[in-house]
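One structure is given here, and the rest of the page talks about it.
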Amino acid sequence: MKTDAAALTKELQEMLSTLKNAPADLYKQAWGKEEDFSRLPAISRSDLIKIPLSRRRYKDAKSLVKIVHDPEGSFLSEWSFEDIGAEEVAPVSKRPFVYLSDPHEAIEKALWCYEQGVVPLLGEKDAAIAGYAAKKYQVDSLIADPLSLPKLSSYLQELPSPLDSITVVSDSFHTIDILPFAHCARTVRLVLSLPETGPIAHAELAERPTFKPVAGCLIETEDTLIVSKTAQLVTPIVKYRTAIPTELYDGAQ
Amino acid sequence: MMERNDVAVLGEAALKDLIAQPPEISTTALVRVTSGTSGEPIVMATGYSPDAPEDIAGDASVRRMLVCIGSRTARLSNILIARAGPRDRALRVLPIDQQDVDDRLTPLLSDFSPEGVHGFPAIISRVGAHMDASTKDGVRTAKLTGEVLTEERDSALQAMYKNARLIEIYIASEVGGRIGVRSCGYLPRAHFHPALDVEIEVANPDAEGVGDLLVTRPVFRGFRVESYRIGDMAKLVRARCACGAETTFALVGRRGIDYIKIVGALIRREEFDRVCATFPDAIDDYRAEVSEVHVAGQSKGRIALTLFRAKGTPTEARVHEIARLFADRVFLTQTATLAQLVERDVFLPLEVTYTDAPFSVQHKEVKLIQI
C-alpha cells in the first residue's frame with residue numbers, strides 16, 4: 001500500500017463514485033453532489049453515532065462488530081476479518097501478547113495476530129494473571145495501551161531479556177509515562193489509532209516522537225487530524241475528522 | 001481417572017508443544033487460562049478443527065450473532081469458530097462485555113438486530129433486559145452455555161426470546177470446549193448428546209444413577225483427557241434418542257454448586273429454586289450454605305438459608321413460619337423432606353435469616369455453597 005500523498009489522493013478520488021453509488025448512504029448524504037476529493041466535507045464520530053450501521057455498511061463479509069463508547073454516545077464499528085489482518089498494527093512475532101484495556105480492541109488485536117498466522121495470548125482483565133500467563137507462554141511481543149501497560153509493570157520489570165517489541169496503541173500518548181518501559185523491548189512503537197479507523201500513524205518511542213502515516217492512510221491537518229484510508233473497509237474512512245490534535249501528530253506531548 | 005491436577009499437567013505439556021511447534025494454521029490453536037485447584041491458573045493450549053465441526057450460531061441462516069460470555073478468550077474462541085465457517089456466509093459477531101451492559105446498549109442492539117445469541121444464560125438474560133421488544137423478537141436462536149440451565153432460567157429466557165429456539169451446549173474450558181450438545185429437539189433441559197469426538201462415562205453412581213461425569217476428548221494435537229472427572233454430576237439415560245443418538249446424559253449440576261451430596265442427602269439448587277418460588281411475596285433471592293457438622297459424635301447436615309426480599313424483611317413470626325414451611329416443602333432425597341430428615345436426626349433444623357442487601361452476581365449465579 002502506498003504512503004505517497006499524491007498517489008493516495010488519486011486512489012481515494014477513484015473510490016468516490018463507488019461509495020456514492022453504494023446502497024449504504026453515509027457518504028452519499030454527507031457529500032451531496034461534490035465529486036472532488038479535495039473539497040469533500042469531512043464526517044466525524046458524531047455521524048457514526050447518529051447513523052446506524054446498516055447505512056454505513058459498504059460490504060458484506062464475515063466480520064467482528066465492536067462497540068465504541070464515547071462521551072457523546074456509543075456506536076458500532078464493523079470490521080471484516082480480512083480487513084483486520086490487513087491493518088498495520090505491530091511487528092509480527094511468534095508469540096504476541098495482547099493486553100488492552102478496551103475488551104473490544106483486545107479481541108480485535110488478538111484476531112489481527114491470528115490473521116498474521118500466529119497464536120496470541122489474549123490477556124484477561126486481571127494483570128497479575130495476564131502476566132503469569134505471559135511468562136508461561138514465553139511471549140515475545142506485547143500490544144498494549146497507555147492504561148494497560150503500567151499494570152504489567154511487575155511482569156515487564158522481571159523479564160529475563162527484553163521482548164522483541166512493545167506496541168502501544170492509543171489516540172493520545174503521554175510519552176513520559178511510557179519511556180520507563182523503553183528497556184523492556186528492543187523496539188517500542190507508538191501507534192496512533194481509533195477503534196473506528198484502525199491505525200493511522202506510527203512512531204518510535206521518543207520524548208517527542210515523529211509520527212508517520214501507516215501505508216494506505218492519508219492524513220490532512222487542520223486543528224485536528226483528518227484521515228482517509230484507501231482500504232475498502234466495511235465502513236470506509238474518507239475525510240474522517242478525528243479529535244486528535246494536530247500538535248500530537250507533529251510530536252507527542 | 002484424571003483429576004484437575006492431571007489436566008493442569010497435560011495443559012502445560014500442550015502449551016510447551018505449541019511453543020515448540022507453532023501450528024501451520026494459527027486459528028487451529030488457542031491459549032487459554034483457566035483456574036487450577038490450588039488457585040494457581042492453568043495456562044494451556046487447546047485446539048480447533050479449521051473446519052468448524054458444528055455451526056457456531058446453531059442455525060445456518062443466522063447472519064448476526066451476539067456473544068455474551070464472561071472471559072475475553074472464550075469470546076475470542078467463538079469468534080474464531082465463526083471465522084472458520086463457510087466463506088460465502090457473512091456472519092457478523094458482536095461480543096458483549098460486562099461494561100457494555102447498560103442503557104447505552106439498547107439502540108446498539110436495535111441497530112445490530114441479532115438473529116442469534118450465544119453465551120451464559122445469566123449474561124444473555126441481562127443483555128435481554130436492554131433489548132427493545134422488536135429486537136428480542138428477531139432472535140431466532142439462543143445458544144446457552146457455561147452454566148446449568150435451571151427450570152426458572154429456562155422459562156425466563158423462553159419468555160424473553162419468544163421466537164428463539166433454545167440450544168444448550170455443555171462446555172468446559174480446561175478441556176478445550178464442547179462436551180455435550182442439546183440441539184436435536186428431542187431432549188429435555190440439561191440432557192445432552194456427547195459432542196463430536198467426546199466419550200462420556202458416569203462413575204460411582206448412587207441409587208438414582210447419579211455419579212461423577214468422566215470425559216474423554218482431544219484437547220490439542222495428540223493430548224487428550226482420558227476419563228477426566230470434570231467436577232459435574234450426571235446420569236446416563238438408558239434409551240436411544242428419537243434423533244437416533246445412542247448416548248444421552250443428564251447433567252445434574254456442578255459438584256458443590258448445583259448439587260451437594262451431604263449425609264446421604266442431595267441438596268439440589270433446582271429444588272431450592274422451586275421451593276423459593278412458592279413464596280413469591282417473601283423471597284426474591286436466596287443463598288444457602290450447606291455443611292456437615294458433628295453433634296455429640298454424630299454427623300449431621302446443616303443448612304443456613306439467607307433470604308432477600310426487595311420490599312424489606314418480614315416480621316420475626318413470619319420468618320419462623322417461612323423456615324417451617326420451607327423445611328416441609330423442600331425434598332432432600334426422592335422421598336424425604338428436610339423437615340422429615342430433621343425429625344430423623346439427620347439434619348439440624350433449618351436456619352433462616354434475611355439480608356437487607358441484594359446478592360451480588362458475578363458471571364454465574366452461585367446459590368448453593370458447601371462450607
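Only a predicted model underlies this, so the values are computations on that prediction, with no experimental measurement involved.
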task = Could you walk me through whether B/Leu76 and A/Tyr114 pass side chain to side chain contact (heavy atoms under 4.5 Å, CB included), step by step?
result = CA-CA 11 Å; B/Leu76 175 65; A/Tyr114 275 111; 3.9 Å; yes

inquiry  = Please find the pair of heavy atoms, one from A/Gly117 and one from B/Ser26, that lie closest to each other, and give the distance.
reply    = C-CB, 3.4 Å

message = Working to the nearest 0.5 angstrom, can you tell me the gap between A/Lys66 NZ and B/Asp97 CG?
response = 14.0 Å

ask   = Between A/Lys62 and B/Ala82, what is the shortest heavy-atom contact and its length?
value = CD-O, 3.6 Å

task = Could you tell me the separation between the CZ atom of B/Arg83 and the CG atom of A/Leu64, rounded to the nearest 0.5 Å?
result = 12.0 Å

Contact winner vs chain B - A/Glu115, A/Arg55, A/His69, A/Lys136, heavy-atom pairs under 4.5 Å = A/His69

key: Side chain / backbone / both / neither for B/Pro22 at chain A, heavy atoms under 4.5 Å   = neither

key: Least distance between heavy atoms, B/Pro23 atom then A/Val119 atom   = CG-CG2, 3.8 Å

ask   = Quick one: what part of A/Lys94 sits under 4.5 Å from any heavy atom of chain B, side chain, backbone, both or neither?
value = neither

ask   = So do the side chains of A/Pro103 and B/Arg75 get within less than 4.5 Å of each other, counting heavy atoms only?
value = yes

remark   = Whatever's closer than 4.5 Å to a heavy atom in chain A on B/Glu24 counts as neither

request  = Kindly say whether A/Pro52 contributes a backbone atom to a donor-acceptor pair with the side chain of B/Asp111 at under 3.5 angstrom?
outcome  = no

CG-CD1 distance between B/Leu109 and A/Ile67, expressed to the nearest 0.5 angstrom = 6.5 Å

inquiry  = Are more than 12 heavy atoms, taken from residues, nucleotides or ligands other than A/Lys59, located less than 6.0 Å from that residue's NZ atom?
reply    = yes

Nearest heavy atoms of B/Leu15 and A/Tyr137, plus distance in Å = CD1-CD1, 3.7 Å

inquiry  = Under the criterion side chain to side chain contact (heavy atoms under 4.5 Å, CB included), I'd like the reasoning laid out for A/Arg57 against B/Arg92: C-alpha separation, chi angles, the key distance, then a yes or no.
reply    = CA-CA 12 Å; A/Arg57 182 182 284 131; B/Arg92 300 176 179 90; 3.1 Å; yes

request  = Any chance you could measure B/Leu94, atom CG, to A/His104, atom NE2, to the nearest 0.5 Å?
outcome  = 6.5 Å

query = With sequence neighbours excluded, what pairs up with A/Arg241 under the salt bridge (Lys or Arg N to Asp or Glu O under 4.0 Å) test?
reply = A/Glu222, A/Asp223

query = How would you list, in number order, the residues of residues 100-108 of chain B that have a heavy atom less than 4.5 Å from chain A?
reply = B/Asp100, B/Arg104, B/Leu105, B/Leu108

Can you give the donor-acceptor pairs under 3.5 Å from side chains of residues 160-173 of chain A to other protein atoms, not counting sequence neighbours?
{"residue": "A/Asp164", "atom": "OD1", "partner": "A/Arg186", "partner atom": "NH1", "Å": "2.5"}
{"residue": "A/Ser170", "atom": "OG", "partner": "A/Ser172", "partner atom": "N", "Å": "3.2"}
{"residue": "A/Ser170", "atom": "OG", "partner": "A/Ser172", "partner atom": "O", "Å": "2.9"}

query = Could you state the interatomic distance from CG (B/Leu30) to CG (A/Leu121), rounded to the nearest 0.5 Å?
reply = 9.5 Å

ask   = Is there any residue in residues 71-83 of chain A with a non-hydrogen atom under 4.5 Å from a non-hydrogen atom of chain B, and which ones are they?
value = A/Ser74, A/Phe75, A/Leu76, A/Glu78, A/Phe81, A/Glu82

key: Interatomic distance, A/Leu122 atom CG to B/Thr73 atom OG1 [nearest 0.5 angstrom]   = 4.5 Å

key: Neighbour count above 12 (heavy atom, 6.0 Å) for B/Lys16 NZ   = no

A/Leu100 portion near chain B, given a 4.5 angstrom heavy-atom threshold = backbone

task = Measure distances from A/Ala61 to the heavy atoms of chain B and classify the residue's part below 4.5 Å as side chain, backbone, both or neither.
result = backbone

